[in-house]
Every structure is written in structure tokens, then in C-alpha cells.
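Below is one structure, written out as C-alpha cells; comments come after it.
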Amino acid sequence: MNLTDSHCHLQDPKFSRDMPRVIQRARATAVTTMVVVGYDMDSSRRAVEIAQSNEGIFAAIGVHPHDAKALTTGDISTLATLAESPMVVAIGEIGLDFYRNLSPPDVQHRAFREQLALARTLRLPTVIHARSADEPTFEVLAEHAEAISGDWPAEGPLGVMHCFAGDVALAEQYADLGFLISIAGTVTYPNAEKTREVARHIPLTSLLIETDAPYLPPQSRRGQRNEPANLVETANFIAELRGEPPELIAKETASNANRLFALDRVVQPTGERA
Ligand SMILES: [Zn+2]
């Protein structure tokens with residue numbers, strides 16, 4: 001069984017002391033593929049570095065809505081330059097977060113749209129963060145999908161709704177728009193019945209799984225630092241919920257990640273294909 005962690009932050013300072021061991025533990029528990037996701041300029045650069053020096057690790061680059069206020073025009077060109085690395089498989093995480101509003105809403109909107117435009121120019125999929133912003137995020141992504149359909153006959157999914165926290169109806173709307181739904185360890189929390197409903201009902205072809213490490217450890221590790229190795233617990237939990245074998249969940253979610261991020265096209269640092 002091989003698992004793909006579609007969203008983790010190995011560049012987070014919480015991993016600075018033992019990242020090689022964290023990666024080893026992930027591989028030892030079948031998590032062979034990881035996407036390290038940027039949230040500001042520095043973490044995006046670090047994501048690319050980590051991907052370039054570790055097999056099975058890929059990078060997404062982008063500026064999180066919390067940091068939208070720091071995003072400059074120069075940063076957009078820097079992201080474009082960073083994306084020249086074949087290890088960069090997506091733009092993200094980008095989106096809207098009106099729960100904490102660490103950047104003003106209009107500034108978040110501008111940063112989100114500018115980075116979606118960049119993704120269209122580069123023909124890259126996107127990793128989307130949406131919190132307390134269901135409707136505006138859907139509106140912006142519907143426009144993005146529309147803009148893509150004009151000039152870019154997208155073959156695969158357009159992006160992924162990271163750590164999805166909406167209901168089944170919203171998940172279906174996103175699936176129709178061309179987005180995959182990524183379920184995090186939060187699905188194991190006692191109060192997460194809405195997320196369990198989503199995990200039970202969405203078609204396997206739309207499902208991704210993620211840790212969002214170092215955040216959101218699954219229930220058995222709450223209060224601890226999360227790491228990609230813990231993805232196994234979430235995969236088993238979802239398998240149980242759906243009444244399907246964990247191997248099937250692993251295989252389908254890995255294949256969805258492959259399709260979304262076009263991982264087969266990426267030549268590994270070792271010269272091997274993923
Ligand atoms: Zn994240």
C-alpha cells in the first residue's frame with residue numbers, strides 16, 4: 001500500500017530539527033508521496049528546495065490568504081520563476097479566510113485572483129484554502145473554471161479544496177466544477193460529523209487525503225505535532241467509514257493526486273520518473 005499526502009508543510013520551523021527522520025517515518029508507514037505546500041514566499045522557496053532534494057516529494061507554491069497583504073507584483077514574477085522547476089506541481093495554498101481576517105478581505109480577493117491568473121498562465125492546478133468563505137470562494141473559482149474552459153482544454157482536475165470543511169452539497173458543487181476534495185485528520189474528531197458525511201458520500205474519483213502537518217493531528221495524536229506518517233490513521237478511518245478496504249482508498253487517492261498534479265511527468269532528482 002502506498003499513500004499520497006496531498007498537503008503538508010515539511011518546511012515549517014517545527015520540522016527544522018528532524019525533517020529527514022520525519023520523511024523516513026512517512027516512507028516506513030507507506031506514505032511514499034508528499035506534496036509540500038507553500039504559504040508565503042519563503043516557505044514556497046523552501047518547498048521547492050525540499051522537493052528538489054527528496055524523492056517522492058513535490059512542491060506547491062503560493063501565498064496564503066493570511067499573508068495576502070504582503071504579496072507584491074514582484075512576488076508574482078518570483079512565483080512564475082520558481083514554477084520553472086519541474087518539481088512545482090501546483091499553485092497554492094491560495095484562497096480566502098474570513099475566519100481570522102489576518103489580511104483585509106479586498107486584499108485577500110486581489111491576491112487570490114492574481115494567483116489564479118498565474119495558475120492559468122502556467123497551466124498549473126491550484127490548492128485552495130477556504131475558511132468562513134464558502135460562497136465567495138466558490139464564486140471566484142467558478143470564474144476561474146470559466147476562464148480556463150475558454151482557452152485551455154483542461155484534461156485533469158483544476159485543483160483541490162484542501163482540508164475541506166463544507167457539506168456534501170458543496171462538495172458536489174466543487175466536484176462538478178472540476179475540483180477534488182481533500183479530507184484531513186479532522187475527519188477523526190468527535191464533532192466532525194459533517195466532514196464524515198462528505199468522506200462517506202463523495203465518489204472515490206474526487207477524493208484526496210492529507211495531513212496538513214504540522215497542523216491538525218488525527219484524534220489519537222491531538223495536541224502533538226502532526227506529521228505525514230499519521231496519514232495512515234486518516235486513510236484507515238475513511239476506509240472504515242466507507243466500508244472499503246484501506247488499500248482501495250490508498251490506491252484511488254494516490255491515483256487522483258497523480259492525475260491532479262501530473263506527477264508522472266515529473267522527473268525525480270534521481271533521474272527516475274515518479
Ligand atoms: Zn496547509
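Read the numbers this way: they start at 1 and go in the same order the structure lists the ligands and their atoms. For the single chain, residues carry numbers from 1 onward in sequence order.
Checked against the 6.0 Å centroid threshold, H66 and Y39 do not count as a close aromatic pair.
The minimum distance between the Zn ion (ligand 1) and any N, O or S atom of D212 involves atom OD1. Restricting E93 to its N/O/S atoms, the shortest distance to the Zn ion (ligand 1) is reached by OE2.
Inspection of the Q108 and H64 side chains reveals no N or O donor paired with an N or O acceptor under 3.5 Å.
Side-chain N or O atoms of H144 include none that pairs as donor or acceptor with a backbone N or O of V140 at under 3.5 Å.
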Can you give the donor-acceptor pairs under 3.5 Å from side chains of residues 74-83 to other protein atoms, not counting sequence neighbours?
residue: D75; atom: OD1; partner: T72; partner atom: OG1; Å: 3.4
residue: D75; atom: OD2; partner: T72; partner atom: N; Å: 3.0
residue: D75; atom: OD2; partner: T72; partner atom: OG1; Å: 3.3
residue: S77; atom: OG; partner: T73; partner atom: O; Å: 3.3
residue: S77; atom: OG; partner: G74; partner atom: O; Å: 3.3
residue: T78; atom: OG1; partner: G74; partner atom: O; Å: 3.0
residue: T81; atom: OG1; partner: S77; partner atom: O; Å: 2.9

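Here the angle at the Zn ion (ligand 1) defined by NE2 in H9 and NE2 in H7 stands at 100°, rounded to 10 degrees.
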